[in-house]
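Worksheet: one structure, shown below.
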Protein chains: 2
Amino acid sequence: MDSTTEEKIYEAARKIFVLKGMEGARMQEIADEVGMNKALLHYYFRSKEKLFEAVFKDIFTRFFSRIRGAFTSDLPLKEKLIVFIDNYIDLIAANPYVPQFIINEINRDPKVLKAMIFESGIGPQQLLEIFLNEVQINNQSNLDPRHIVVSLLGMLVFPFAGRPLLQLVYFNDDQKAYDQFLSERKEIVKNMMLKFIEV
Amino acid sequence: MDSTTEEKIYEAARKIFVLKGMEGARMQEIADEVGMNKALLHYYFRSKEKLFEAVFKDIFTRFFSRIRGAFTSDLPLKEKLIVFIDNYIDLIAANPYVPQFIINEINRDPKVLKAMIFESGIGPQQLLEIFLNEVQINNQSNLDPRHIVVSLLGMLVFPFAGRPLLQLVYFNDDQKAYDQFLSERKEIVKNMMLKFIEV
DNA sequence: GTCTATATGGCGATAGAC
DNA sequence: GTCTATCGCCATATAGAC
C-alpha cells in the first residue's frame, strides 16, 4: 500500500460509511481504520458532510456504471437480461451493503442525489434510461417497462437487504445455508423474468 | 384526543422513529411532536433505547400479524397469493416508511430482532412459517418456496423503499405519476407471481 | 503533513422545584 | 406528573506545536 494519505482516508471512509451510514459513522472510527489522527480527516476533507458526499457520489456512480455494460450490446432482450442478472448479483455479492446504503441515504436526504443527477453529464439517469429504452424496444408485451425494471431490481436487492431477518426466520440463522440460497438466485430470477417477458 | 400522556408520547415516538430511525431520531424532536417536555419521555420510558425497543417490537408485530389473515384461509394457493398481494400493498401504502425502517434496524442491530423472535410465543416466526408451509404444500413446481416468498416481498417492498430514486429518474420527480405507478403494481405482481407458480 | 490539545455544540439523562 | 435547569458525555471541528 503506497497510496497517498488522502486515498487511504477515502477508502476507510468508504468502508465505514457503507457499513454504518452517514449518521451511524464516527470520524474517530474512520481515523482508527486508517491508523492515523482524526484531525487529518478534516485537513483533507473539510467536514464529515463533505467526506460523506465524496464517498456517496463515487459509490453511486461506480455501482450504476457497472450495470451499463450488459445493456449496450446487440444481444436480444432475453440475452441482455441474463447477462444483467449475472453481473448484478455478482456486483451485489461483492458489495452486499451498498444497495441498502444507497436506499437509506437517498431517503434520508434526497438533495445529494438530485444534485448528482442534474450535474453530472454521464450520470445514472442516462444509465437507467439506456436500460429502460432497451426494455421498451424489445418488450413484446405492452407492459410498462418500468414495472419490469422495478420487479427485477426488487428481486435482486431484497434478499441482500433483508438478509438478517430472512436468514433468521427461514434458515435458523445458518450463514452457509443462506449463502447457498443466494447462489441459487441467479437462475431463479432469470427463470422468473423470462417467463414474465414472454407473450 | 383524550389519550394518556404515555400514549401520546408513544405515538409521537413511533412517528419520528419510523421516519428517522433510531440514530437519526432526537428525543427533543419527539418531545416537540408531543408538545411537552423532554424530561417526560424519560419519566415514562427510562431511556431512548427502551422507548425505541417498545416502538420497534410493536411495529414489527403489528406489521406481520396483519399478513397472517391471507394465509389461514382454505383458499387454493393462487387465491391466497391474490389476497396477500392486495392486503400487503395496501398495508405498505398506508405505512410507506415501515418496511425500510424494519430492514434498517435489523441490519443495524439484529439483537432486538433475535430476542423478539425467540421470546414471543406468537412471533413473526410462526407467521412466516405459516406462509412458507402454505406455499410448500400448494406448490406444484419443485421450487424452494423461500425463493417465491423472497421474490414476492422484493417486488412489493422495493418500489416503496427505492421511491426517491425511482421517482426521480423514471418519473421526473412527479409524485402523482409515481402514485399511479404504485397503484398499478397489484395487478402486475399478481400476474407475475401466477405465471411463475404455474407448472 | 501529522500530531496533541482544546474549543464548541448537541444530546441523553437526571435533579429538584412545583 | 410536569416543568426548568443542569450535568456529563461524546462528536465535530479548530488551533497551534513540531
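By convention in this document, chain letters (A, B, ...) are assigned in the order of the sequence lines, proteins followed by strands, and residues within each chain are numbered from 1.
Protein atom CG of B:L40 is 14 Å distant from nucleotide atom P of C:dT14, rounded to whole Å. Between A:K50 atom NZ and D:dA13 atom P there is a gap of 11 Å when expressed in whole angstrom units. When the P atom of D:dT12 is taken as reference, atom CG of A:D32 falls 12 Å away, rounded to whole Å. Going from atom CD1 of A:I30 over to atom C1' of D:dT12 covers 12 Å, rounded to whole Å. The nearest whole Å value for the distance from the NZ atom in B:K48 to the P atom in D:dC9 is 18 Å. The distance from atom CD1 of A:I9 to atom P of C:dG1 is 11 Å, rounded to the nearest whole Å. A straight line from CG of A:L51 to C1' of D:dT12 spans 12 Å, rounded to a whole angstrom. Rounded to whole Å, the distance from NZ on B:K38 to P on C:dG12 is 7 Å.
Using a 4.0 Å heavy-atom criterion, one finds that A:Y43 contacts the bases of the nucleic acid, with or without backbone contacts as well.
Across residues 19-27 of chain A, not one residue has a non-hydrogen atom less than 4.0 Å from an atom of DNA chain C.
A pairwise comparison of heavy atoms in A:T61 and A:K57 identifies OG1-O, 2.7 Å as the closest pair. Here the shortest heavy-atom pairing between B:E23 and A:G24 reads OE1-CA, 3.6 Å. In plain terms, the two heavy atoms of A:A12 and A:I30 that are nearest each other are CB-O, 3.9 Å.
The residue among B:R46 and A:G35 whose nearest nucleotide of DNA chain C is located toward the 5' end is A:G35. Residue order along DNA chain D, read from the 5' end via each residue's closest nucleotide, puts B:N37 first among A:S47 and B:N37.
B:H42 has no side-chain polar atom (N or O) that falls below the 4.0 Å cut-off from OP1 or OP2 of C:dT14.
A side-chain contact (heavy atoms from CB on, under 4.5 Å) with A:Y88 is found for exactly one of A:L152, A:L153, A:V189, namely A:L153.
Residues A:F60 and A:V112 fail the side-chain proximity criterion, which asks for heavy atoms closer than 4.5 Å.
Ranking C:dT14, C:dC3, D:dT2 by closeness to the A:A39 side chain, first place goes to C:dC3.
Classification of B:K190 and B:D86 as a salt-bridged pair holds, one side-chain N sitting under 4.0 Å from a carboxylate O.
The main-chain N or O of B:A54 is never found under 3.5 Å from a side-chain atom of B:D58 such that the two would form a donor-acceptor pair.
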